[in-house]
Amino acid sequence: MTERWALAPTEHGGAAIAPLGPDGRPTAPVTHEPDLAEAVRSRPEATRWVWRDTHSVHPRLLAAGVRVDRCYDIEAAETLLLAHEGRHGEPRSAAAALARLRGGPVPPDPPPRTAAPGSQSSLFEPRPPVDVSLADLLDVYADQQRRHATTAHPDRLRLLTASESAGMLVAAEMHAAGLPWRADVHRALLTELLGERYAGGGEPRRLAELADEVSAAFGRRVRPDLPADVVKAFAQAGIKLTSTRRWEIEGIDHPAVKPLIAYKKLYRIYTAHGWSWLQDWVRDGRFRPEYLPGGTVSGRWTTNGGGALQIPKVVRRAVIADPGWRLVVADAAQMEPRVLAAISRDPAFMEVAGQDGDLYQSVSDRAFSGDRGQAKLAVLGAIYGQTSGDGLKNLALLRRRFPRAVAYVDEAARAGEEGRLVRTWLGRTCPPAVNAADQEEAGIPQDDPDDPASGPPSTYGYTSSNSRARGRFTRNFVVQGSAADWALLMLAALRRELDGMAAELVFFQHDEVIVHCPRDEADRVAEAIRSASDLAGRLTFGRTPVRFPFAVASVECYADAK
DNA sequence: GCCAGAGGCGCC
DNA sequence: AAAGGGCGCCTCTGGC
C-alpha cells in the first residue's frame with residue numbers, strides 16, 4: 001500500500017511535512033520537523049514523498065544515508081503537463097504553477113544552473129528553498145492530479161510522471177555514486193595516443209607531427225584545426241570542398257587526407273576528453289556528471305558539463321571497476337525498432353520484434369532476401385526520415401511487408417508537417433511548431449519562396465522546407481521518445497531491483513546502463529536487468545509480444561564490454 | 001573582454 | 001551509399 005507524504009524543506013535544515021490521503025489532500029495538519037533527513041528516516045511507512053523538486057531534497061537525504069522508495073516531483077510533473085497541454089514554453093516552476101492557479105503574475109523560470117566542473121557541490125546549491133509553502137504546494141499537486149485525469153490516457157501520463165520522478169532520484173544517486181574512473185589509466189592512454197606534452201604548452205607531440213604532415217602534403221603551412229584554412233589549401237590543390245567534414249574528405253585522393261583525418265580524431269580527444277577534462281571532472285577515482293532527466297524534448301537525458309553522454313569509445317579504457325568489483329554493462333539491443341513494433345502494433349513487425357535475436361536479420365529475411373545491411377538502412381530510414389538515396393527504395397519494400405509500422409511514423413510526420421502536436425506512447429509531447437514569422441524574428445533564415453528547390457508554398461504558414469524538417473522531427477520524436485519512456489521505466493524498475501544489494505547504478509545513456517557491483521553480485525545484477533526490462537515492457541506497452549533483450553557483459557573495464 | 005553563431009565531431 | 005533524428009561541447013570568428 002502506497003502511503004504518501006508531502007515534504008517541503010524549511011530554513012536551517014528542517015522540513016514541513018504532512019501525510020496525504022488517497023485523494024492527495026492532507027489528512028493531518030502540517031507539522032514542522034527540525035531535521036529534514038531525520039523526518040524522512042523516521043517514517044519508513046512513507047513509500048512516496050511528494051515534493052517541489054527532487055534536486056533540492058534528495059542530495060541531502062543521500063548525504064545522510066537515507067533512502068526513499070518513490071517520489072512525486074511537482075516541477076517535473078508541471079513540465080510534462082504543460083507540454084501535454086500545448087504550453088511548452090510557459091514557466092514550469094512550482095511558483096509559476098501556483099500563480100497560474102491563483103491568477104497572479106507568473107514569475108519567469110530562474111536561468112538554468114551551469115555545473116561547475118568537477119564540483120561535488122553543484123547539486124547541493126539549493127534554489128531559494130522555500131518559495132512555495134507546503135499548503136500551496138499541495139494545492140498545485142491537487143490541480144496536477146486533476147489535469148492528469150483530463151487527458152486521453154490518464155494512466156499513461158501518471159505512469160510517465162511517476163517514472164520521470166523516479167528518474168530524478170536515479171540521477172541524483174548516480175551523481176553521488178560516480179562512474180569509476182582511473183585517472184592514471186586515462187593519462188597513460190593520452191600519452192599513448194597524443195604523445196608527450198611539451199613543457200612550454202601547446203599541442204602534444206603527436207598532434208604537432210600530424211599537423212606538420214598535413215602542411216608537408218600541401219607544400220605550405222596549414223592549420224588543420226581551421227576549416228577555412230583547410231578548404232583554401234584543398235582549393236589550391238584543385239579540389240573543391242563545401243566543408244571539411246570527415247565524410248566529405250574521406251573519399252579524396254590526396255596525401256593530406258590521411259594525416260588530416262588522424263589529426264581531427266586525436267584533436268577531438270585532446271580538447272574534449274584530454275588532460276584538462278581529467279583535471280576538471282575526475283576526483284577521487286570517480287567521474288560525477290550532473291544528469292538532467294528529460295533534458296531533451298524527446299525525454300532523453302542530457303548531462304550538464306563533462307560530456308558524459310559522448311565519452312569516446314577509446315577513452316572508455318579508463319572506466320575500470322574497483323578491485324574485486326565488476327561493471328555490469330547492459331545495452332538494449334535495437335531498442336528503437338522494437339519500440340516502433342510495440343507502438344504501431346504492426347503484426348508482422350511485432351513478430352520480428354518478439355524474438356531476442358538480431359532484429360535486422362529477421363527483417364531482411366522477410367523483406368530484403370537476406371541483405372541485413374539494406375534492411376537496417378530501411379528501418380533506420382523510416383525512423384529518421386530518410387529523404388533520398390537507396391533508403392527510399394528500401395523504404396518501399398519495408399512498407400509492403402510492414403505497412404502499419406511505416407504508416408505509424410508516416411502519420412507522425414504528416415502531423416508535424418501540418419503543425420500538429422505528436423506524443424510519445426506515455427504522453428510526452430513535442431513542442432509546437434514555430435511559425436515562419438517568429439523564426440524570421442529569431443534570425444533563422446527562411447527559404448527563398450522563388451527557389452524551385454524549396455518546393456510548393458505551404459498552406460500552413462511555414463516554408464515547405466521547414467515543414468518537411470518538422471515532419472522528420474515528429475517522425476523521429478514518436479519513436480525516440482517512446483523508447484525514452486520505456487528506458488525510464490526500465491531504469492526505475494532496475495533501481496528497485498538493486499535495493500538491498502551493494503550494487504550501484506553508475507551510468508545511463510539512452511539505451512545502456514552500467515551497474516558497479518561486487519564480483520559475486522554480477523549474476524544477480526544481470527538477472528535484475530532482465531527483470532527490469534520485462535517489467536518495463538509490460539508496464540509501458542501493456543500486453544505485447546515485443547521483447548526488449550539486453551546484451552549484458554560483466555567486465556572489469558568498460559572498453560571490454562563490446 | 002564578452003557573447004552568439006558556425007563548423008565540426010563525439011555519443012545514441 | 002549517402003549524409004535523415006536527438007544532443008553537448010570544443011575552437012575560432014566576428015561583432016560589440
Side-chain angles (χ1 to χ4, degrees), chain A residues 112 114-115 117 203 223-231 241-251 260-261 263-274 276-277 280-281 289-292 294-316 331-336 340 371 373-374 376-395 409 412-413 416 422 424 428 430-431 442-445 465 468-481 483-484 487 507-513 558 562:
Chain A
T114 50
E203 292 184 329
R223 293 263 312 266
D225 55 327
L226 301 184
D229 204 16
V230 173
V231 169
L241 293 176
T242 56
S243 77
T244 64
R245 288 186 169 82
R246 188 158 79 226
W247 58 264
E248 189 167 338
I249 289 177
E250 243 159 15
L260 184 57
I261 289 174
Y263 179 94
K264 282 167 177 283
K265 197 164 186 65
L266 292 178
Y267 181 73
R268 165 79 189 185
I269 290 166
Y270 172 58
T271 57
H273 287 94
S276 53
W277 179 91
D280 287 345
W281 289 102
E290 187 174 337
Y291 296 89
L292 303 175
T296 76
V297 289
S298 66
R300 280 189 174 183
W301 293 23
T302 57
T303 56
N304 194 348
L309 303 185
Q310 298 104 244
I311 302 167
K313 293 229 161 98
V314 63
V315 176
R316 297 175 183 185
D331 191 305
Q334 301 127 8
M335 174 175 67
E336 294 192 349
L340 175 56
D371 186 339
Q374 297 285 301
K376 181 173 179 179
L377 225 54
V379 171
L380 294 179
I383 293 172
Y384 287 159
Q386 174 121 34
T387 55
S388 62
D390 281 2
L392 276 192
K393 188 179 70 206
N394 294 332
L395 192 55
V409 284
V422 297
T424 67
R428 195 184 300 268
C430 75
I444 299 168
S465 148
R468 282 193 300 271
R470 187 154 190 280
R472 286 194 297 275
F473 164 66
T474 51
R475 171 191 294 270
N476 183 251
F477 180 93
V478 295
V479 180
Q480 185 187 112
F507 192 62
F508 170 59
Q509 183 181 38
H510 313 316
D511 61 354
E512 179 181 343
V513 293
Y558 184 19
K562 285 182 189 159

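Each chain gets a letter, A, B and so on, in the order the sequences are listed, and its residues count up from 1. Treat the numbers as computed from the prediction; the structure is a model and nothing was measured.
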I'd like to know if the side chain of A/Glu290 pairs up with that of A/Thr303 as donor and acceptor (distance under 3.5 Å, no hydrogens or angles considered). no
Closest to the side chain of A/Trp247, out of C/dG5, B/dC9, C/dA3, is C/dA3
What is the distance, rounded to the nearest whole Å, between atom CD of A/Glu336 and atom C1' of C/dG5? 8 Å
Any residue meeting ring pair (Phe, Tyr, Trp, His ring centres under 6.0 Å) with A/Tyr558, in chain and number order, not counting sequence neighbours: none
Sequence-distant partners of A/Asp225, salt bridge (charged side-chain N to carboxylate O under 4.0 Å, His left out), two or more places apart: A/Arg223
Partner set under salt bridge (charged side-chain N to carboxylate O under 4.0 Å, His left out) for A/Arg470, not counting sequence neighbours: none
B/dG8 phosphate, OP1 or OP2: any side-chain N/O from A/Thr244 under 4.0 angstrom? yes
With sequence neighbours left out, write down each residue that passes salt bridge (charged side-chain N to carboxylate O under 4.0 Å, His left out) with A/Glu250, or none if nothing qualifies. A/Arg246
For every nucleotide of nucleotides 10-15 of chain C, 5' to 3': is a protein heavy atom under 4.0 Å from its base (B), only from its sugar-phosphate (S), or from neither (-)? SSS---
Near DNA chain B, under 4.0 Å by heavy atom, which residues of residues 295-303 of chain A? A/Arg300
Look at the side-chain N and O atoms of A/Lys376 and state whether any lies under 4.0 Å from the OP1 or OP2 oxygen of C/dA1. no
Taking only residues two or more places apart in sequence or in another chain, which ones pass side chain to side chain donor-acceptor pair (under 3.5 Å) with A/Thr296? A/Ser298
Residues passing the salt bridge (charged side-chain N to carboxylate O under 4.0 Å, His left out) test with A/Asp511, sequence neighbours excluded, are none
By side chain to side chain donor-acceptor pair (under 3.5 Å) - contacts of A/Tyr263 (at least two apart): A/Glu203
